[in-house]
Amino acid sequence: MRSKRFVALALLSISLLSVGCGKKESAGAKDSATPSSVESSTTLAETSKTAEAAQDTLEGVVLDASMNGFTLQNKELGLIYVETGEDAAEKPDLSKLKNGFTAGEGVKLLGKRNGGDFELGAAADLATALGDKDALYTVGQALFAVRDKNMQALAELAQYPLYLGLESGNEIDSKDELMRKYTAEQIFTEDFTNSVLHCDLLNLREAGGNLVVSMDGGKPNLIFTKTDAGYKLSAINVTK
């Protein structure tokens with residue numbers, strides 16, 4: 001059974017290439033989403049003077065939030081911190097957020113991009129394709145671990161045995177084995193980090209009980225598998 005699972009995880013990214021991050025929605029899905037997007041844009045522009053003057057929009061999934069700001073995952077920018085509190089240039093209009101900035105939920109922002117920063121003018125809720133904020137929160141924790149090159153944090157999100165795809169496939173039986181045999185330099189390569197951090201988390205969809213987290217649905221990637229305890233990291237594919 002373990003050998004079958006080992007082979008299945010090794011081939012999973014290829015078989016799910018068309019359904020992972022970055023997958024295009026069907027015409028019907030686009031049609032159904034258009035009114036919501038138009039309504040969000042109109043609402044934002046109508047409810048804030050700052051928003052009226054703003055020219056840029058940003059969409060993504062909130063990974064964490066505090067009183068002064070939040071971290072957003074966006075396909076183009078990766079992970080970006082947006083200020084909302086005392087340090088913000090101007091108080092943004094957050095009246096169209098039902099639950100404020102909540103980890104695992106999608107948002108549409110209106111404001112001004114300034115290099116790698118974003119000056120927030122207004123925000124509104126935006127539905128995610130997955131519709132599971134707990135799952136997206138879990139994936140978000142893995143993205144933080146990848147950004148920070150934190151092996152310990154990534155290892156704690158996994159179920160074991162864990163598939164590790166380097167030059168050849170390896171099955172890791174425990175967190176201790178992963179930490180003992182492999183280094184952060186081996187895992188957090190430039191290609192792997194870039195692919196994972198720039199996934200399309202907003203449009204991430206489940207396929208066969210799995211979530212493939214990568215820039216284009218292929219490798220390098222992280223794969224999460226649905227379990228009774230929620231989604232667990234089941235594969236780390238470092239190489240293509």
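These figures come from a predicted structure and were not determined experimentally.
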Asks: Which atom names give the shortest non-hydrogen contact between L130 and A135, and what distance separates them?
Replies: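 L130 and A135 have their closest heavy atoms at CD2-CB, 3.9 Å.
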
Asks: Taking atom CG of N203 and atom CD of E59, what is their separation to the nearest 0.5 Å?
Replies: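 Between N203 CG and E59 CD, I get 8.5 Å after rounding to 0.5 Å.
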
Asks: Quick one: CG on L162 to CD1 on I223, what's the gap to the nearest 0.5 Å?
Replies: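 One gets 10.0 Å once the value is rounded to the nearest 0.5 Å.
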
Asks: Are side-chain heavy atoms of N150 and F144 found at a separation under 4.5 Å?
Replies: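 No, every pair of side-chain atoms sits at 4.5 Å or beyond.
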
Asks: On a heavy-atom basis, which atom in A123 and which in K96 lie closest, and how many Å separate them?
Replies: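 A123 and K96 have their closest heavy atoms at O-CB, 3.6 Å.
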
Asks: Any chance you could measure T138, atom OG1, to K232, atom NZ, to the nearest 0.5 Å?
Replies: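 Reported to 0.5 Å precision, the distance equals 7.5 Å.
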
Asks: Determine, stepwise, if the pair D176 / S174 fulfils side chain to side chain donor-acceptor pair (under 3.5 Å).
Replies: CA-CA 5 Å; D176 290 340; S174 68; 5.2 Å; no

Asks: Is K149 atom NZ crowded by more than 12 heavy atoms from other residues, nucleotides or ligands, each under 6.0 Å away?
Replies: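 Enclosed.
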
Asks: Below 4.5 Å, heavy atoms only, C-beta onward: do E83 and D117 meet side chain to side chain?
Replies: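 Contact flag for E83/D117 side chains = no.
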
Asks: Is there a side-chain contact between Y137 and T102, using heavy atoms and a 4.5 Å cut-off?
Replies: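 A side-chain contact is absent here, since even the closest heavy-atom pair is not under 4.5 Å.
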
Asks: Output yes when a side-chain donor or acceptor of Q186 lies under 3.5 Å from a complementary backbone atom of V238, and no otherwise.
Replies: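 Judged by distance alone, no pair lies under 3.5 Å.
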
Asks: Please evaluate residues Q152 and K175 with respect to the criterion side-chain contact (heavy atoms from CB on, under 4.5 Å), reporting the C-alpha separation (whole Å), side-chain torsions for both, the decisive distance (0.1 Å), and the verdict.
Replies: CA-CA 8 Å; Q152 179 76 22; K175 180 177 69 175; 3.6 Å; yes

Asks: How far apart are the closest heavy atoms of F192 and I187, and which atoms are they?
Replies: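 Of all heavy-atom pairs spanning F192 and I187, the closest is CD2-O, 3.3 Å.
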
Asks: Just verifying a value: how many Å separate L154 CG and M151 CE, rounded to the nearest 0.5 Å?
Replies: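 One finds 7.5 Å between CG of L154 and CE of M151.
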
Asks: So, for K240 and P220, which heavy atoms are closest and what is the spacing to 0.1 Å?
Replies: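 Reported closest heavy-atom pair: CG-CD, 3.8 Å.
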
Asks: Is there a donor-acceptor pair closer than 3.5 Å between any side-chain N or O of T128 and the backbone N or O of E105?
Replies: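 Flag not set: sc T128 to bb E105 has no pair under 3.5 Å.
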
Asks: Are the side chains of F118 and L77 in contact, using a 4.5 Å heavy-atom criterion?
Replies: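 They are not in contact (no side-chain heavy atoms under 4.5 Å apart), so the answer is no.
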
Asks: Measure the CG-OH distance between L233 and Y160 for me, rounded to the nearest 0.5 Å.
Replies: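 Answer for the CG-OH pair, L233 versus Y160, is 7.5 Å.
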
Asks: If you apply the rule side-chain contact (heavy atoms from CB on, under 4.5 Å), what do you find for M215 with N194, and how did you get there?
Replies: CA-CA 8 Å; M215 184 182 294; N194 187 59; 3.1 Å; yes

Asks: How far apart are the closest heavy atoms of T84 and M67, and which atoms are they?
Replies: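 T84 and M67 have their closest heavy atoms at OG1-O, 3.7 Å.
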
Asks: Do V82 and F101 have side-chain heavy atoms sitting under 4.5 Å apart?
Replies: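 No - every pair of side-chain heavy atoms lies 4.5 Å or more apart.
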
Asks: Should M179 and I172 be regarded as members of a common hydrophobic cluster, given that ILVMFWY residues are connected when their side-chain heavy atoms come within less than 4.5 Å of each other, either directly or indirectly?
Replies: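 Linked, M179 and I172 end up in one cluster.
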
Asks: Is there side-chain contact between I236 and L222, with heavy atoms separated by less than 4.5 Å?
Replies: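 A side-chain contact exists here, since the closest heavy-atom pair is under 4.5 Å.
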
Asks: Evaluate Y231 against F224 for ring-ring contact (aromatic ring centres under 6.0 Å, His included), listing each step before the verdict.
Replies: CA-CA 6 Å; Y231 282 92; F224 290 81; 7.5 Å; no

Asks: Assigning hydrophobic clusters by single linkage (Ile, Leu, Val, Met, Phe, Trp, Tyr; side-chain heavy-atom cutoff under 4.5 Å), is Y81 placed with L97?
Replies: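 In one cluster: no.
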
Asks: Determine whether L120 and L58 make a side-chain contact, defined as any pair of heavy atoms from C-beta on separated by less than 4.5 Å.
Replies: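 L120 does not reach L58 side chain to side chain.
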
Asks: Can you check whether K75 reaches L202 side chain to side chain, under 4.5 Å on heavy atoms?
Replies: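 No. Closest side-chain heavy atoms not under 4.5 Å.
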
Asks: Please give me the minimum heavy-atom distance between V212 and L204, naming the atom from each residue.
Replies: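 V212 and L204 have their closest heavy atoms at O-CD1, 3.4 Å.
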
Asks: How many angstroms lie between atom OG1 of T57 and atom CZ of R113, to the nearest 0.5 angstrom?
Replies: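 Interatomic distance, T57 OG1 to R113 CZ, rounded to 0.5 Å: 9.0 Å.
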
Asks: Among T71, D148, V213, which one satisfies side-chain contact (heavy atoms from CB on, under 4.5 Å) with L143?
Replies: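 Of T71, D148, V213, side-chain contact (heavy atoms from CB on, under 4.5 Å) with L143 is met by V213 alone.
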
Asks: Does any N or O in the side chain of D216 come within less than 3.5 Å of the main-chain N or O of S214, such that one atom is a donor and the other an acceptor?
Replies: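 Not a single qualifying donor-acceptor pair exists.
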
